[in-house]
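One structure is given here, and the rest of the page talks about it.
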Amino acid sequence: MRLATWNVNSLAVRLPHVIDWLTTAAPDVVALQELKLTDDKFPADALAQAGYAAAWFGQKTYNGVALLVRSPATLTEVQRNIPGFADEQARVIAATVQPASGAAPLRVVGAYFPNGQAPGTDKFAYKMRWLDALRDWIAQELTRHPRLVLMGDFNITVDDEDVWDPEGLRETIHCTTEERAKLAALRALGLHDAFRLFPQPPKSYSWWDYRQLAFQKNRGLRIDHIWISDALKDLARACTIERSLRKRPQPSDHAPVLLTLADA
DNA sequence: ATGACAACGTTGCGTTGA
(Lines give C-alpha, C1' and ligand atoms only; values in the text may rest on other atoms or scores of the structure.)
Protein backbone atom coordinates (compact mmCIF):
# COMPACT_ATOMS: atom_id res chain seq x y z
CA MET A 1 0.00 0.00 0.00
CA ARG A 2 1.30 3.43 -0.92
CA LEU A 3 0.27 6.65 0.84
CA ALA A 4 1.07 10.17 -0.21
CA THR A 5 0.65 13.78 0.87
CA TRP A 6 0.68 16.77 -1.46
CA ASN A 7 0.05 20.47 -0.91
CA VAL A 8 -1.37 21.34 -4.33
CA ASN A 9 -1.75 25.15 -3.83
CA SER A 10 -5.22 25.33 -5.41
CA LEU A 11 -6.89 22.12 -6.52
CA ALA A 12 -8.75 24.04 -9.25
CA VAL A 13 -5.45 25.04 -10.87
CA ARG A 14 -3.63 21.75 -10.16
CA LEU A 15 -6.41 19.28 -11.02
CA PRO A 16 -4.83 18.20 -14.35
CA HIS A 17 -1.52 17.50 -12.53
CA VAL A 18 -3.32 15.59 -9.80
CA ILE A 19 -5.35 13.45 -12.21
CA ASP A 20 -2.26 12.71 -14.30
CA TRP A 21 -0.26 11.73 -11.23
CA LEU A 22 -3.07 9.51 -9.85
CA THR A 23 -3.34 7.79 -13.21
CA THR A 24 0.40 7.13 -13.61
CA ALA A 25 1.57 6.63 -10.00
CA ALA A 26 -1.65 5.06 -8.64
CA PRO A 27 -1.11 5.79 -4.92
CA ASP A 28 -3.62 4.02 -2.65
CA VAL A 29 -4.25 6.87 -0.22
CA VAL A 30 -3.63 10.58 -0.80
CA ALA A 31 -3.89 13.58 1.52
CA LEU A 32 -4.23 16.92 -0.26
CA GLN A 33 -3.78 20.37 1.27
CA GLU A 34 -4.52 23.93 0.20
CA LEU A 35 -7.52 23.09 -1.95
CA LYS A 36 -8.48 26.79 -1.91
CA LEU A 37 -12.06 26.03 -2.89
CA THR A 38 -15.48 25.67 -1.32
CA ASP A 39 -17.02 22.21 -0.91
CA ASP A 40 -19.43 22.72 -3.80
CA LYS A 41 -16.46 23.22 -6.16
CA PHE A 42 -14.66 20.00 -5.16
CA PRO A 43 -14.00 17.93 -8.35
CA ALA A 44 -15.41 14.67 -6.99
CA ASP A 45 -16.62 13.49 -10.41
CA ALA A 46 -13.23 13.94 -12.13
CA LEU A 47 -11.51 12.09 -9.28
CA ALA A 48 -14.09 9.29 -9.38
CA GLN A 49 -13.45 8.89 -13.11
CA ALA A 50 -9.76 8.49 -12.25
CA GLY A 51 -10.75 5.71 -9.83
CA TYR A 52 -10.66 7.55 -6.51
CA ALA A 53 -13.22 8.05 -3.76
CA ALA A 54 -12.81 11.19 -1.69
CA ALA A 55 -13.71 13.00 1.50
CA TRP A 56 -13.14 16.74 1.55
CA PHE A 57 -13.30 19.81 3.75
CA GLY A 58 -12.88 23.14 2.00
CA GLN A 59 -13.48 26.84 2.41
CA LYS A 60 -13.31 29.94 0.27
CA THR A 61 -9.89 31.24 -0.85
CA TYR A 62 -7.61 29.54 1.69
CA ASN A 63 -6.77 26.21 3.31
CA GLY A 64 -8.93 23.16 2.55
CA VAL A 65 -7.96 19.48 2.83
CA ALA A 66 -9.05 16.18 1.31
CA LEU A 67 -8.40 12.45 1.49
CA LEU A 68 -8.51 10.23 -1.60
CA VAL A 69 -8.53 6.44 -1.76
CA ARG A 70 -8.17 4.25 -4.79
CA SER A 71 -11.36 2.27 -5.29
CA PRO A 72 -12.58 -0.19 -4.17
CA ALA A 73 -11.01 0.83 -0.84
CA THR A 74 -13.31 3.11 1.17
CA LEU A 75 -13.19 5.95 3.68
CA THR A 76 -15.33 5.73 6.82
CA GLU A 77 -15.64 7.62 10.14
CA VAL A 78 -14.71 10.93 8.53
CA GLN A 79 -13.70 13.66 10.98
CA ARG A 80 -13.28 17.32 9.98
CA ASN A 81 -10.95 19.53 12.05
CA ILE A 82 -9.88 18.82 15.62
CA PRO A 83 -12.79 17.91 17.93
CA GLY A 84 -13.26 20.48 20.68
CA PHE A 85 -10.95 23.02 19.03
CA ALA A 86 -12.99 25.87 17.55
CA ASP A 87 -11.39 26.77 14.25
CA GLU A 88 -12.59 28.94 11.36
CA GLN A 89 -10.02 27.34 9.08
CA ALA A 90 -10.39 24.00 7.26
CA ARG A 91 -7.12 22.29 8.12
CA VAL A 92 -7.73 18.67 9.14
CA ILE A 93 -9.56 15.69 7.70
CA ALA A 94 -9.32 12.21 9.16
CA ALA A 95 -10.84 8.92 8.08
CA THR A 96 -10.52 5.19 8.45
CA VAL A 97 -9.27 3.52 5.28
CA GLN A 98 -10.80 0.10 4.68
CA PRO A 99 -8.51 -1.71 2.23
CA ALA A 100 -10.30 -3.88 -0.32
CA SER A 101 -7.76 -6.67 0.28
CA GLY A 102 -9.25 -7.37 3.69
CA ALA A 103 -6.09 -6.09 5.37
CA ALA A 104 -6.51 -4.31 8.70
CA PRO A 105 -7.94 -0.77 8.52
CA LEU A 106 -5.74 2.27 8.83
CA ARG A 107 -6.61 5.57 10.52
CA VAL A 108 -5.36 8.40 8.31
CA VAL A 109 -5.11 12.03 9.40
CA GLY A 110 -4.44 14.61 6.70
CA ALA A 111 -3.45 18.04 8.00
CA TYR A 112 -2.48 21.49 6.82
CA PHE A 113 -0.64 22.95 9.81
CA PRO A 114 -0.83 26.76 10.21
CA ASN A 115 1.99 28.76 8.68
CA GLY A 116 2.53 30.97 11.72
CA GLN A 117 3.97 33.97 9.84
CA ALA A 118 6.62 34.93 12.41
CA PRO A 119 7.35 34.46 16.12
CA GLY A 120 5.51 37.02 18.24
CA THR A 121 2.56 37.43 15.88
CA ASP A 122 -1.07 36.43 16.50
CA LYS A 123 -0.71 33.82 13.75
CA PHE A 124 2.24 32.26 15.55
CA ALA A 125 0.23 32.08 18.78
CA TYR A 126 -2.58 30.38 16.84
CA LYS A 127 -0.09 27.89 15.41
CA MET A 128 1.10 27.02 18.92
CA ARG A 129 -2.47 26.56 20.23
CA TRP A 130 -3.36 24.49 17.18
CA LEU A 131 -0.32 22.25 17.70
CA ASP A 132 -1.30 21.67 21.35
CA ALA A 133 -4.84 20.74 20.32
CA LEU A 134 -3.56 18.42 17.60
CA ARG A 135 -1.28 16.62 20.02
CA ASP A 136 -4.04 16.08 22.58
CA TRP A 137 -6.42 14.79 19.90
CA ILE A 138 -3.86 12.50 18.23
CA ALA A 139 -3.13 11.01 21.67
CA GLN A 140 -6.82 10.06 21.91
CA GLU A 141 -6.93 8.80 18.33
CA LEU A 142 -3.97 6.50 18.98
CA THR A 143 -5.76 4.78 21.84
CA ARG A 144 -8.65 3.90 19.51
CA HIS A 145 -6.58 3.45 16.33
CA PRO A 146 -3.06 2.16 16.96
CA ARG A 147 -2.50 1.88 13.19
CA LEU A 148 -2.34 5.61 12.49
CA VAL A 149 -0.78 7.77 9.80
CA LEU A 150 -0.46 11.55 10.27
CA MET A 151 0.56 13.25 7.06
CA GLY A 152 0.41 16.64 5.46
CA ASP A 153 2.02 20.04 5.22
CA PHE A 154 3.38 20.43 8.76
CA ASN A 155 4.88 23.86 8.01
CA ILE A 156 7.75 22.94 10.37
CA THR A 157 11.22 21.55 9.72
CA VAL A 158 12.15 18.69 12.06
CA ASP A 159 15.79 19.79 12.33
CA ASP A 160 18.52 21.65 10.42
CA GLU A 161 18.87 18.77 7.94
CA ASP A 162 15.52 19.91 6.57
CA VAL A 163 16.75 23.47 5.85
CA TRP A 164 18.80 24.65 2.85
CA ASP A 165 20.39 27.49 4.86
CA PRO A 166 20.14 26.63 8.57
CA GLU A 167 22.34 29.54 9.66
CA GLY A 168 20.55 32.18 7.62
CA LEU A 169 17.12 30.86 8.62
CA ARG A 170 17.87 30.19 12.28
CA GLU A 171 14.83 30.85 14.52
CA THR A 172 12.74 32.04 11.58
CA ILE A 173 9.28 30.62 10.86
CA HIS A 174 9.31 26.84 10.18
CA CYS A 175 12.64 26.57 12.00
CA THR A 176 12.07 27.96 15.50
CA THR A 177 12.84 26.10 18.70
CA GLU A 178 9.20 26.53 19.80
CA GLU A 179 7.78 24.93 16.67
CA ARG A 180 10.24 22.04 16.77
CA ALA A 181 9.45 21.47 20.45
CA LYS A 182 5.78 21.05 19.56
CA LEU A 183 6.77 18.48 16.92
CA ALA A 184 8.88 16.66 19.52
CA ALA A 185 5.84 16.50 21.83
CA LEU A 186 3.80 15.06 18.98
CA ARG A 187 6.51 12.51 18.16
CA ALA A 188 6.64 11.49 21.82
CA LEU A 189 3.14 10.01 21.43
CA GLY A 190 4.83 7.20 19.52
CA LEU A 191 5.09 8.55 15.98
CA HIS A 192 7.93 8.21 13.52
CA ASP A 193 9.08 10.46 10.68
CA ALA A 194 8.82 7.87 7.89
CA PHE A 195 11.24 9.76 5.63
CA ARG A 196 14.08 9.40 8.13
CA LEU A 197 13.54 5.67 8.60
CA PHE A 198 15.50 5.25 5.35
CA PRO A 199 18.77 6.55 3.91
CA GLN A 200 18.00 9.71 1.92
CA PRO A 201 19.87 11.95 -0.50
CA PRO A 202 21.45 14.95 1.26
CA LYS A 203 19.55 18.23 0.90
CA SER A 204 16.16 16.57 0.48
CA TYR A 205 13.34 19.14 0.56
CA SER A 206 9.60 19.14 -0.16
CA TRP A 207 8.96 22.87 -0.70
CA TRP A 208 10.78 25.53 -2.69
CA ASP A 209 9.83 29.21 -3.00
CA TYR A 210 8.45 30.19 -6.39
CA ARG A 211 10.87 33.14 -6.44
CA GLN A 212 14.57 33.57 -7.17
CA LEU A 213 14.93 30.22 -8.98
CA ALA A 214 14.79 28.53 -5.58
CA PHE A 215 13.90 25.10 -7.00
CA GLN A 216 16.66 25.18 -9.63
CA LYS A 217 19.14 26.11 -6.89
CA ASN A 218 17.58 23.56 -4.49
CA ARG A 219 16.97 26.23 -1.88
CA GLY A 220 14.13 24.47 -0.07
CA LEU A 221 12.68 23.17 3.17
CA ARG A 222 11.38 19.74 4.16
CA ILE A 223 8.06 20.71 5.74
CA ASP A 224 5.76 18.04 4.28
CA HIS A 225 5.83 14.90 6.36
CA ILE A 226 4.39 11.41 6.79
CA TRP A 227 4.49 10.22 10.38
CA ILE A 228 3.48 6.69 11.31
CA SER A 229 2.60 5.10 14.64
CA ASP A 230 4.66 2.48 16.47
CA ALA A 231 2.33 -0.25 15.20
CA LEU A 232 3.17 0.63 11.58
CA LYS A 233 6.88 1.32 11.88
CA ASP A 234 8.08 -2.16 10.94
CA LEU A 235 5.79 -2.16 7.91
CA ALA A 236 7.43 0.87 6.27
CA ARG A 237 9.38 -0.11 3.16
CA ALA A 238 10.32 3.18 1.47
CA CYS A 239 9.66 6.91 1.67
CA THR A 240 10.50 9.36 -1.09
CA ILE A 241 9.90 12.95 -2.18
CA GLU A 242 8.53 13.11 -5.72
CA ARG A 243 10.63 16.02 -6.98
CA SER A 244 9.62 15.45 -10.59
CA LEU A 245 6.17 16.87 -9.84
CA ARG A 246 7.82 20.20 -8.91
CA LYS A 247 9.55 20.41 -12.31
CA ARG A 248 6.42 20.43 -14.45
CA PRO A 249 4.99 23.60 -15.96
CA GLN A 250 2.73 25.50 -13.55
CA PRO A 251 3.72 23.38 -10.54
CA SER A 252 2.66 23.63 -6.91
CA ASP A 253 5.48 25.00 -4.76
CA HIS A 254 5.37 21.66 -2.88
CA ALA A 255 6.30 18.17 -4.08
CA PRO A 256 4.42 15.06 -2.89
CA VAL A 257 5.87 12.74 -0.25
CA LEU A 258 5.21 9.05 -0.84
CA LEU A 259 5.33 6.16 1.65
CA THR A 260 5.28 2.46 0.82
CA LEU A 261 3.79 0.30 3.57
CA ALA A 262 3.72 -3.50 3.58
CA ASP A 263 0.33 -5.17 4.04
CA ALA A 264 -0.66 -6.64 7.40
C1' DA B 1 14.93 46.76 5.11
C1' DT B 2 12.34 45.04 1.09
C1' DG B 3 11.07 42.35 -2.97
C1' DA B 4 10.79 38.43 -5.63
C1' DC B 5 6.28 34.46 -7.48
C1' DA B 6 1.70 32.45 -7.47
C1' DA B 7 -3.16 32.30 -6.35
C1' DC B 8 -7.34 34.53 -4.81
C1' DG B 9 -10.98 38.00 -5.06
C1' DT B 10 -11.89 41.50 -7.61
C1' DT B 11 -11.23 44.17 -11.50
C1' DG B 12 -6.33 46.75 -9.99
C1' DC B 13 -4.08 45.93 -6.49
C1' DG B 14 -4.07 44.19 -1.68
C1' DT B 15 -3.53 39.86 1.04
C1' DT B 16 -1.48 35.55 2.05
C1' DG B 17 1.66 32.03 1.73
C1' DA B 18 6.49 29.83 3.36
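In what follows, every chain begins at residue 1, and chains take the letters A, B, ... in the order their sequences are listed. Everything quoted here is computed from the prediction, not taken from an experiment.
Residues A:I173 and A:V13 both approach DNA chain B. Their nearest nucleotides, taken by heavy-atom distance, put A:V13 toward the 5′ side. With DNA chain B read from its 5' end, the first of the two nearest nucleotides for A:K60 and A:N7 is the one closest to A:K60.
Across all strands, A:R219 comes closer than 4.0 Å to no nucleic acid atom at all (heavy-atom distances). Counting non-hydrogen atoms under 4.0 angstrom, A:F215 reaches nothing in the nucleic acid. Contacts of A:E34 with the nucleic acid, taken as non-hydrogen atoms under 4.0 Å apart, involve only primed sugar atoms and P, OP1 or OP2.
Spacing between B:dG12 and B:dA7 at atom C1', rounded to whole Å, works out to 15 Å. Here the separation of B:dT11 from B:dT15, taken at their C1' atoms, is 15 Å to the nearest Å. Between B:dA18 and B:dA4, the two C1' atoms lie 13 Å apart (nearest whole Å). Remark: the separation of the P atoms in B:dT16 and B:dT10 is 15 Å, to the nearest Å.
A donor and an acceptor atom, one from each side chain of A:E242 and A:T240, are located under 3.5 Å apart. Side chains of A:N9 and A:K36: a donor-acceptor N/O pair is present below 3.5 angstrom, by distance only. In this structure, a donor-acceptor pair under 3.5 Å is absent between the side chains of A:T157 and A:R222.
Ring geometry for A:W208 against A:Y205 counts as perpendicular: the plane angle is over 60°, on a 0 to 90° scale with 30° as the lower cut.
Remark: the backbone N or O of A:P256 is not paired with any side-chain donor or acceptor of A:D224 at under 3.5 angstrom.
Within the shown strands, B:dC13 is the pairing partner of B:dG9 under the Watson-Crick or G-U definition, both distances less than 3.5 Å.
Nucleotides of DNA chain B that come within less than 4.0 Å of any heavy atom of chain A span, from the 5' end to the 3' end, B:dA4 to B:dA18.
Hydrophobic clustering (side-chain heavy atoms under 4.5 Å, transitive across Ile, Leu, Val, Met, Phe, Trp, Tyr) keeps A:L245 apart from A:I241.
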